[in-house]
Amino acid sequence: MVYHSSFVDEEGISKACGCPLLPLKSHIRGPAPVLEQDTTDIVDEAITFFRANVFFKNFDIKSSSDKLLIYLTLYINIALKRLEGCRTLAEGTKAIINLGLENVPVPGEAGFPFPGLFSPAQSQKEAELFGNYLKQIREETSGRLLSVAYRPNGTPNKWWSAFSKRKFMNMVLP
């Protein structure tokens, strides 16, 4: 059984491209509302559920927050693939920073991994808002992923690096 997002009540949450712009407990500037540090956000859920959800080839969407969970699961998979050859935390940090500097395509643009998952942007402003949100959430996910993918002594955590070989929903990674 796939793990779904607990963020099903979307009252008061703004949307862009059919995706809720959920609050993040983040210090990174961006369009996401700020959440208190002692609560769970979508990034925590994505990292927690990643090792279980990555085994599934199908993902039944129960809420629009699940769409964001799917996107983050694929992003974590890509990030772990980039970390695969990095033997130290410093090398991993460099690889993740380079991944974060890459262009973030939005729905409707070439290179977006799930063409039918989110609706295309209705305006340039919505596309820019959603692109900035995805960039912020990717940066936040990258930072938190480093803390679980590497042990405190700076060596890779084999229980996480083993998942870099998995394909999520049979998607071929770049």
Q.
Let me confirm one number: the OH-SG distance from Tyr133 to Cys19, rounded to the nearest 0.5 Å.
A. 6.0 Å
(Q) Do Phe163 and Ile76 sit in one hydrophobic cluster, given that two such residues count as connected whenever their side-chain heavy atoms are within less than 4.5 Å of each other, even indirectly? (A) yes
Q. Hey, does Leu68 have a side-chain heavy atom less than 4.5 Å from the side chain of Ser5?
A. no
Q. Taking all atoms of both residues into account, what is the closest heavy-atom pair of Ala110 and Pro105, and its distance?
A. O-CB, 3.8 Å
Q: Report whether Ile28 and Leu146 are members of the same hydrophobic cluster (ILVMFWY, side-chain heavy atoms less than 4.5 Å apart, transitive linking).
A: no
Q | With Val148 via side chain to side chain contact (heavy atoms under 4.5 Å, CB included) - residues at least two apart | A | Ile47, Leu145, Trp160
Q: For the residue pair Leu80 and Phe50, establish whether any side-chain heavy-atom pair is separated by less than 4.5 Å.
A: yes
Q) Does Ile97 have any side chain to side chain contact (heavy atoms under 4.5 Å, CB included) partners at least two apart in sequence or in another chain, and if so, which? A) Thr93, Leu101
(Q) If the condition is ring-ring contact (aromatic ring centres under 6.0 Å, His included), which residues does Tyr75 pass it with, not counting sequence neighbours? (A) none
Q. Between Ala127 and Val106, what is the shortest heavy-atom contact and its length?
A. O-CG1, 3.6 Å
Q) Does anything in residues 145-160 pair up under salt bridge (charged side-chain N to carboxylate O under 4.0 Å, His left out), and if so which pairs, sequence neighbours excluded? A) none
Q. In the hydrophobic clustering (ILVMFWY, side-chain contacts below 4.5 Å, transitive), which residues join Val34, or is it alone?
A. none
Q | Spacing of OG belonging to Ser65 relative to CD1 belonging to Ile70, to within rounding of 0.5 Å | A | 11.0 Å
Q: For residues Ala46 and Leu72, report the shortest heavy-atom separation together with the two atoms involved.
A: CB-CB, 3.7 Å
Q. Heavy atoms, side chains only, cut-off 4.5 Å: are Ile61 and Leu117 in contact?
A. yes
Q) Between Ser164 and Asn77, which heavy-atom pair has the shortest distance, and what is it? A) O-OD1, 4.1 Å
Q. Which heavy atom of His4 sits nearest a heavy atom of Leu69, and at what distance?
A. C-CD2, 4.0 Å
Q: Return each pair, listed once, that meets side-chain hydrogen bond (donor to acceptor under 3.5 Å, both in side chains) where at least one residue sits in residues 109-124; pairs must be two or more places apart or across chains.
A: none
Q: Could you pull out the closest heavy-atom pair between Val104 and Gly131, with the gap in Å?
A: CG1-O, 4.3 Å
**Q.** OG1-CD1 distance between Thr73 and Ile78, expressed to the nearest 0.5 angstrom
**A.** 11.0 Å
Q: Could you tell me which residues satisfy ring-ring contact (aromatic ring centres under 6.0 Å, His included) with Phe118, sequence neighbours excluded, listed by chain and number?
A: Phe112, Phe130
Q. Would you say Leu22 and Ile137 make side-chain contact, with heavy atoms under 4.5 Å?
A. no
Q. Rounded to the nearest 0.5 Å, how far does CG of Leu35 lie from CD1 of Ile42?
A. 11.5 Å
**Q.** Pairing residues for Asn132 by the side chain to side chain contact (heavy atoms under 4.5 Å, CB included) criterion, not counting sequence neighbours
**A.** Pro31, Glu128
Q.
Among residues at least two apart in sequence or on other chains, which ones pass side-chain hydrogen bond (donor to acceptor under 3.5 Å, both in side chains) with Glu102?
A. Arg82
Q: Assign the ring pair Tyr3 / Phe49 to parallel, tilted or perpendicular, where the plane angle (0 to 90°) is split at 30° and 60°.
A: parallel
(Q) Taking salt bridge (charged side-chain N to carboxylate O under 4.0 Å, His left out) as the cut-off, I'd like each qualifying pair that reaches into residues 87-101, sequence neighbours left out, listed once. (A) none
Q | Thr48 side chain reached by Thr40 side chain, heavy atoms, under 4.5 Å | A | no
Q: Would you check if the side chain of Gln136 reaches a backbone N or O of Ala32 as a donor-acceptor pair within less than 3.5 Å?
A: yes
Q) Which residue pairs satisfy the salt bridge (charged side-chain N to carboxylate O under 4.0 Å, His left out) criterion with at least one member in residues 40-53, sequence neighbours excluded? A) Lys25-Asp44, Asp41-Arg144, Asp44-Arg144
**Q.** salt bridge (charged side-chain N to carboxylate O under 4.0 Å, His left out) partners of Lys135, counting only residues at least two apart
**A.** Glu139
